[in-house]
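A short worksheet on the structure shown next.
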Amino acid sequence: MGGEEKPLRQIAEAFKGLSTIIESQNLDVDVAAFSRACSLVSVLFGLLGFAFKFAEMDYVAKVDDLQKASNSIDTLKSMLDQDVEQNTVTKPGSHSRNLLRVKRGLDMVRVLFEQILVAEGNSLRDAASVAYAKVFAPYHGWAIRKAVAAGMYTLPTRSQLLMKLNEREDSARIQMQSYVTSSAAVINYVDGLFLSREIGIDW
């Protein structure tokens with residue numbers, strides 16, 4: 001990580017911006033702004049190493065799809081409505097399906113940060129295990145769950161992760177807490193888009 005790059009700060013600021021839009025209740029969330037913020041999170045999956053390699057590849061591909069969709073679709077609401085009209089919401093590769101998968105990636109990072117903030121010691125294994133079990137595991141088969149469990153032993157330590165993020169403990173805590181708060185609003189907003197259209201979110 002070169003120079004003064006602060007990926008954690010960039011992530012926190014991007015999601016604070018999205019949550020401000022959502023809380024204003026007057027504006028819909030742009031696909032472009034949403035996908036740009038989500039793309040910043042990709043670096044975190046990469047830094048977690050082998051345990052989350054599957055998540056990184058899947059997440060990056062789906063964020064990329066949303067970024068491309070932003071060229072022709074303005075808001076997340078209109079994106080979902082378009083898929084509803086075409087009856088393609090649950091179809092593999094649809095923008096709506098990809099949005100739901102990206103949302104789970106955001107939620108995994110939110111739970112990971114929550115766990116890191118209350119954890120003691122230098123290991124990330126417990127925090128990452130809880131985040132995976134809570135968000136991803138219910139949708140994964142035995143083979144993936146087993147591979148992730150094995151990969152937990154290759155996670156960086158807390159201090160290694162902070163060093164890669166170019167953060168000190170105190171500054172990292174501020175940015176992680178900011179993301180936890182802001183991302184919760186974004187995740188609830190996305191869930192609401194699905195639930196208000198009676199699509200559900202557990203598929």
Side-chain angles (χ1 to χ4, degrees), residues 6-48 52 55-56 58-60 62-63 66-67 70 75-77 79-80 95-119 124 126-140 158 161-162 165 167 169-203:
K6 299 276 189 181
L8 192 56
R9 193 159 304 183
Q10 292 171 350
I11 292 165
E13 287 172 357
F15 279 85
K16 189 172 184 180
L18 288 179
S19 68
T20 299
I21 291 169
I22 291 164
E23 285 159 13
S24 74
Q25 297 183 338
N26 296 321
L27 297 166
D28 293 336
V29 175
D30 287 345
V31 180
F34 178 80
S35 59
R36 189 162 52 246
C38 293
S39 70
L40 297 171
V41 177
S42 302
V43 68
L44 287 170
F45 287 109
L47 294 178
L48 291 172
F52 289 93
E56 181 190 12
D58 189 59
Y59 180 86
V60 168
K62 287 169 173 52
V63 170
L66 297 183
Q67 287 180 313
S70 72
T75 67
L76 294 181
K77 280 184 179 178
M79 187 173 76
L80 210 56
H95 300 318
S96 297
R97 188 184 180 93
N98 289 342
L99 172 61
L100 190 59
R101 300 304 188 271
V102 167
K103 187 269 302 188
R104 284 183 195 142
L106 301 179
D107 203 19
M108 203 288 299
V109 174
R110 181 188 65 81
V111 178
L112 175 68
F113 283 179
E114 279 182 342
Q115 295 299 312
I116 289 174
L117 287 168
V118 298
L124 293 181
D126 287 349
S129 296
V130 169
Y132 176 76
K134 215 168 179 180
V135 180
F136 283 144
Y139 305 98
H140 289 163
R158 183 190 189 114
L161 179 64
L162 295 187
L165 290 168
E167 297 284 352
E169 176 72 28
D170 57 346
S171 63
R173 292 183 74 84
I174 292 168
Q175 305 307 331
M176 286 183 184
Q177 185 57 63
S178 174
Y179 175 83
V180 166
T181 303
S182 299
S183 66
V186 175
I187 290 161
N188 287 338
Y189 175 82
V190 173
D191 282 348
L193 293 179
F194 284 87
L195 295 173
S196 65
R197 289 159 178 78
E198 299 183 350
I199 299 167
I201 53 175
D202 293 318
W203 46 274

Sidechain-backbone polar pair: [X] side chain, [Y] backbone, donor-acceptor under 3.5 Å:
X: Tyr189; Y: Asp28; value: no
X: Ser196; Y: Leu193; value: yes
X: Ser171; Y: Glu167; value: no
X: Thr181; Y: Gln177; value: yes

Considering all heavy atoms of both residues, which atom of [X] and which atom of [Y] are nearest to each other, and what is their separation?
X: Leu76; Y: Val190; value: CD1-CG2, 4.5 Å
X: Val63; Y: Ser35; value: CG1-O, 3.6 Å
X: Ala119; Y: Arg158; value: O-NH1, 3.5 Å
X: Pro7; Y: Val43; value: CB-CG1, 3.9 Å
X: Ser19; Y: Ala185; value: CB-CB, 4.0 Å
X: Arg173; Y: Ile116; value: NH1-O, 4.4 Å

Say you draw a straight line from [atom1] of [X] to [atom2] of [Y]; how long is it, rounded to the nearest 0.5 Å?
X: Lys134; Y: Arg104; atom1: NZ; atom2: CZ; answer: 15.5 Å
X: Gln115; Y: Leu124; atom1: CD; atom2: CG; answer: 11.5 Å
X: Met176; Y: Ser183; atom1: CE; atom2: OG; answer: 12.5 Å
X: Ile11; Y: Lys16; atom1: CD1; atom2: NZ; answer: 15.5 Å
X: Leu165; Y: Leu47; atom1: CG; atom2: CG; answer: 5.5 Å
X: Ser182; Y: Glu13; atom1: OG; atom2: CD; answer: 10.5 Å

Taking the side chain as every heavy atom from C-beta outward, state whether [X] and [Y] have any pair of such atoms under 4.5 Å apart.
X: Leu66; Y: Met79; value: yes
X: Phe136; Y: Val111; value: no
X: Val41; Y: Phe15; value: yes
X: Cys38; Y: Lys62; value: no
X: Leu99; Y: His95; value: no
X: Val109; Y: Phe45; value: yes
X: Leu8; Y: Phe113; value: yes
X: Leu100; Y: Trp203; value: yes

**Report entry** NZ/NE/NH1/NH2 to OD/OE distance under 4.0 Å, Asp107 and Arg110
**Finding:**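 Salt bridge flag = yes for Arg110 with Asp107.
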
Report task. For Val186 and Tyr179, run side-chain contact (heavy atoms from CB on, under 4.5 Å): C-alpha distance rounded to whole Å, both residues' side-chain angles, the deciding distance at 0.1 Å, then the answer. Result -> CA-CA 10 Å; Val186 175; Tyr179 175 83; over 6 Å; no

Requested in this report: For the pair Leu106 and Tyr59, evaluate side-chain contact (heavy atoms from CB on, under 4.5 Å) and give the outcome as yes or no after the intermediate values.
Outcome: CA-CA 9 Å; Leu106 301 179; Tyr59 180 86; 3.4 Å; yes

Using the test salt bridge (charged side-chain N to carboxylate O under 4.0 Å, His left out), find all partners of [X] that sit at least two apart in sequence or belong to another chain.
X: Asp170; value: Arg168
X: Arg97; value: none
X: Asp191; value: Lys103
X: Arg36; value: none

**Report entry** Sequence-distant partners of Tyr132, side chain to side chain donor-acceptor pair (under 3.5 Å), two or more places apart
**Finding:**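 So Tyr132 forms a side chain to side chain donor-acceptor pair (under 3.5 Å) with His140.
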
Query raised in the report: side chain to side chain donor-acceptor pair (under 3.5 Å) with Asp126: which residues, sequence neighbours excluded?
Result: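 None.
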
Query raised in the report: For Glu198, does the CD atom have more than 12 heavy-atom neighbours from other residues, nucleotides or ligands under 6.0 Å away?
Result: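 No - once you tally the heavy atoms of other residues, nucleotides and ligands closer than 6.0 Å, there are 12 at most.
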
Report task. Evaluate side-chain contact (heavy atoms from CB on, under 4.5 Å) for Glu114 paired with Val118, printing each intermediate quantity in order. Result -> CA-CA 7 Å; Glu114 279 182 342; Val118 298; over 6 Å; no

